[in-house]
Structure formats: C-alpha cells, structure tokens
Amino acid sequence: LKVAVLGGTGRMGGGVARHLAKKHEVIIGSRDPGRAKRAAEKFEGARGAGYAQAAAESDVVVVAVPYAALGAMAEVAKEVRGKLVISMVNPLKMEKGLLKFSLEEGSAAEELAAMLPGGKVATAFNNLPAGFFDGEEVPAADILVAAQSSEAFEEAAEVVRSIPRLRPLYAGPLSEARTVEMITPLVLNLAKLNQTGALATKFVTKKG
Ligand SMILES: NC(=O)c1ccc[n+]([C@@H]2O[C@H](COP(=O)([O-])OP(=O)(O)OC[C@H]3O[C@@H](n4cnc5c(N)ncnc54)[C@H](OP(=O)(O)O)[C@@H]3O)[C@@H](O)[C@H]2O)c1
C-alpha cells in the first residue's frame, strides 16, 4: 500500500511511519515539504511531501496531527475521497494535574469524517504511546478500531496487522470513537499516578 502519514514529522506520526515503511511505501506529509523530506531521510521506504500531495499520492491516509490542527485536514478533502483515513487524534486537556477528554460531545474522528465527505474514517493507534515505536520491535498491544463502515474496519485492521504484535479489535461504528479516544487520558493518568512507565491497552482472555 501507499500510506501517507500527515504529521509524520512528529513523535507519534514518525514512529508509525517508520514501522509502516517496513511493509508499505510511506509518504510523510508536512505543512513544510522540506521538513517532510528531511524526516523521510531518517529511514528506508519513505519520501516526503506537503499534506495535499502526500494524500493525493496515497491509498491510505493516516492523520497524526494534534487535535488543534485537525481543521487543516479539510484542505485534503478532495485528495482523500474514497480512501481509508486513519485517525489517532485525541482531544485532551489538563485539569488539576490530570488529563481529561476535552470534547463535550462527539470525537475527533467524527469531526474528521464530517470534514472529509467520501472518505472512510477509522480510529487506530489512539491509545498507544509514541515510545512504543522507539525500538525495532513494537511491544504487543491491542489497537481499538471504531470505523465508519465494515470496509473501513477491514482496511484499517490490515494496516494495523502490518506492524507485528499489534492486534486490531473492532470497537464498533464511528460513534464509538469517543469511547476509544477517552481511553487515552485514562491510560496516561494511570501511568503517571502509578509510576508504571508508558502503558498501552492489551485485553486478556480467560483461559478454559
Ligand atoms: N504522542 C503520543 O504518544 C500519542 C499517542 C497516541 C496518539 N497521539 C495523537 O497523535 C497526534 C500527534 O501527536 P504527536 O505527539 O506526535 O504530536 P506533535 O509531535 O506535536 O505533532 C505532530 C505533527 O503535527 C503537525 N502539525 C500540523 N499542524 C500543527 C499545529 N498547528 N501545531 C503543531 N503541530 C502541527 C506537525 O507537523 P508539520 O509541522 O511537519 O506539518 C507536527 O510534527 C495527536 O493527535 C495525538 O493526540 C499521540
């Protein structure tokens, strides 16, 4: 697949891009094409471009920008028509030393879907800390995928499975993206309050 990672110059997008580039052709998208090119030189299998060009040249678009920058994705609406769009965006705020989910209603993924008519939006990687991508192997984790359609889920699951040890789990339609995104502040607070080091989601099955 050709996978564009918009915001792939950042910590999370860069990690996802580096691991996806082992299996796919990755195009790092940046507001500054020069910055995208420099970021893409850091590993094999990637090149850089502006947001619109990266989206236009890809089969799948991964959105890895901060929630505050989500509005800029409206600029790529034309380029993502008919394509899978993966959102890892978490709207968070700090309140009395704890992270909280910052939206009164809905989710970043649903806001993205409203901006991208004809796109197929799914969540993935929201609850995985960027540090999990630092090494050569990503530690085993479950990746919660809420999706706009069964087709969007299947395609997003294939992208997730292309990184060894990540297991996609269907979390329901995109209306469930809010629940998926809300897990992130919980996980970050748990790590901080219990001094565990970075935590990610992994569900266990009762044996027997
Ligand atoms: N960090 C994590 O552990 C983690 C884990 C799971 C999910 N996420 C989610 O992943 C997304 C990216 O997180 P991150 O920590 O990688 O963020 P980041 O490094 O702060 O930003 C990622 C990229 O977004 C682009 N961007 C576009 N508009 C921007 C703006 N107005 N202000 C700042 N950056 C802008 C920048 O790329 P250009 O300037 O090159 O365009 C930047 O390199 C967020 O939505 C976050 O909720 C993060």
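These numbers come from a predicted model, not from an experiment. All values below were derived from every heavy atom in this structure, side-chain atoms included, with hydrogens, water molecules and symmetry-related copies excluded.
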Tell me, do [X] and [Y] make a side-chain contact under 4.5 Å, heavy atoms counted?
X: Leu1; Y: Glu158; result: yes
X: Asn194; Y: Leu199; result: no
X: Glu176; Y: Pro173; result: yes
X: Ile183; Y: Leu144; result: yes
X: His24; Y: Ser162; result: yes
X: Tyr51; Y: Met73; result: yes
X: Phe43; Y: Lys22; result: no
X: Val160; Y: Phe125; result: yes

State which residue, out of Asn90, Val145, Val187, Ile143, fulfils the side chain to side chain contact (heavy atoms under 4.5 Å, CB included) condition with Asn126. Asn90
Main-chain N/O of [Y] paired to [X] side chain as donor or acceptor, under 3.5 Å:
X: Glu95; Y: Lys100; value: no
X: Gln148; Y: Leu174; value: no
X: Glu110; Y: Ser107; value: yes
X: Ser102; Y: Pro91; value: yes
X: Lys202; Y: Ala140; value: no

Apply side chain to side chain contact (heavy atoms under 4.5 Å, CB included) to the pair Val16 and Ile86, showing each step before the final yes or no. CA-CA 12 Å; Val16 173; Ile86 292 178; over 6 Å; no
Do [X] and [Y] belong together in a cluster built from hydrophobic side chains that touch within less than 4.5 Å?
X: Phe132; Y: Val5; result: yes
X: Met94; Y: Tyr67; result: no
X: Val3; Y: Val80; result: no
X: Met88; Y: Leu92; result: no
X: Val61; Y: Val65; result: yes

Do [X] and [Y] sit within salt-bridge range, that is, some charged N less than 4.0 Å from a carboxylate O?
X: Glu25; Y: Arg47; result: yes
X: Asp134; Y: Arg18; result: no
X: Arg165; Y: Glu137; result: yes
X: Lys2; Y: Asp59; result: no

Is the count of non-hydrogen atoms from other residues, nucleotides or ligands lying under 6.0 Å from Lys42 atom NZ greater than 12? no
Can you list the steps and then say if Lys192 with Leu99 is a side chain to side chain contact (heavy atoms under 4.5 Å, CB included)? CA-CA 10 Å; Lys192 183 178 168 194; Leu99 284 163; over 6 Å; no
Can you tell me how far apart [atom1] ([X]) and [atom2] ([Y]) are? Round to the nearest 0.5 Å.
X: Thr201; Y: Leu169; atom1: OG1; atom2: CG; answer: 8.0 Å
X: Leu84; Y: Glu154; atom1: CG; atom2: CD; answer: 11.5 Å
X: Thr184; Y: Phe101; atom1: OG1; atom2: CZ; answer: 8.5 Å

Transitive ILVMFWY cluster of Leu98, excluding itself - 4.5 Å side-chain cut-off: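 Noted: Leu98 shares its cluster with Leu193.
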For Glu151, all residues meeting side-chain contact (heavy atoms from CB on, under 4.5 Å), sequence neighbours excluded: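 For Glu151 the side-chain contact (heavy atoms from CB on, under 4.5 Å) partners, ignoring immediate neighbours, are Lys120, Ser149, Glu155.
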Only counting residues at least two apart or in another chain, list the ones meeting side-chain contact (heavy atoms from CB on, under 4.5 Å) with Glu79. Ala52, Ala55, Ala56, Val76
Start with the C-alpha distance between Thr196 and Leu190, add both sets of side-chain angles, then the distance that settles side chain to side chain contact (heavy atoms under 4.5 Å, CB included), and finish with yes or no. CA-CA 8 Å; Thr196 56; Leu190 287 171; over 6 Å; no
Closest heavy-atom contact between Leu70 and Ala108? CD2-O, 3.6 Å
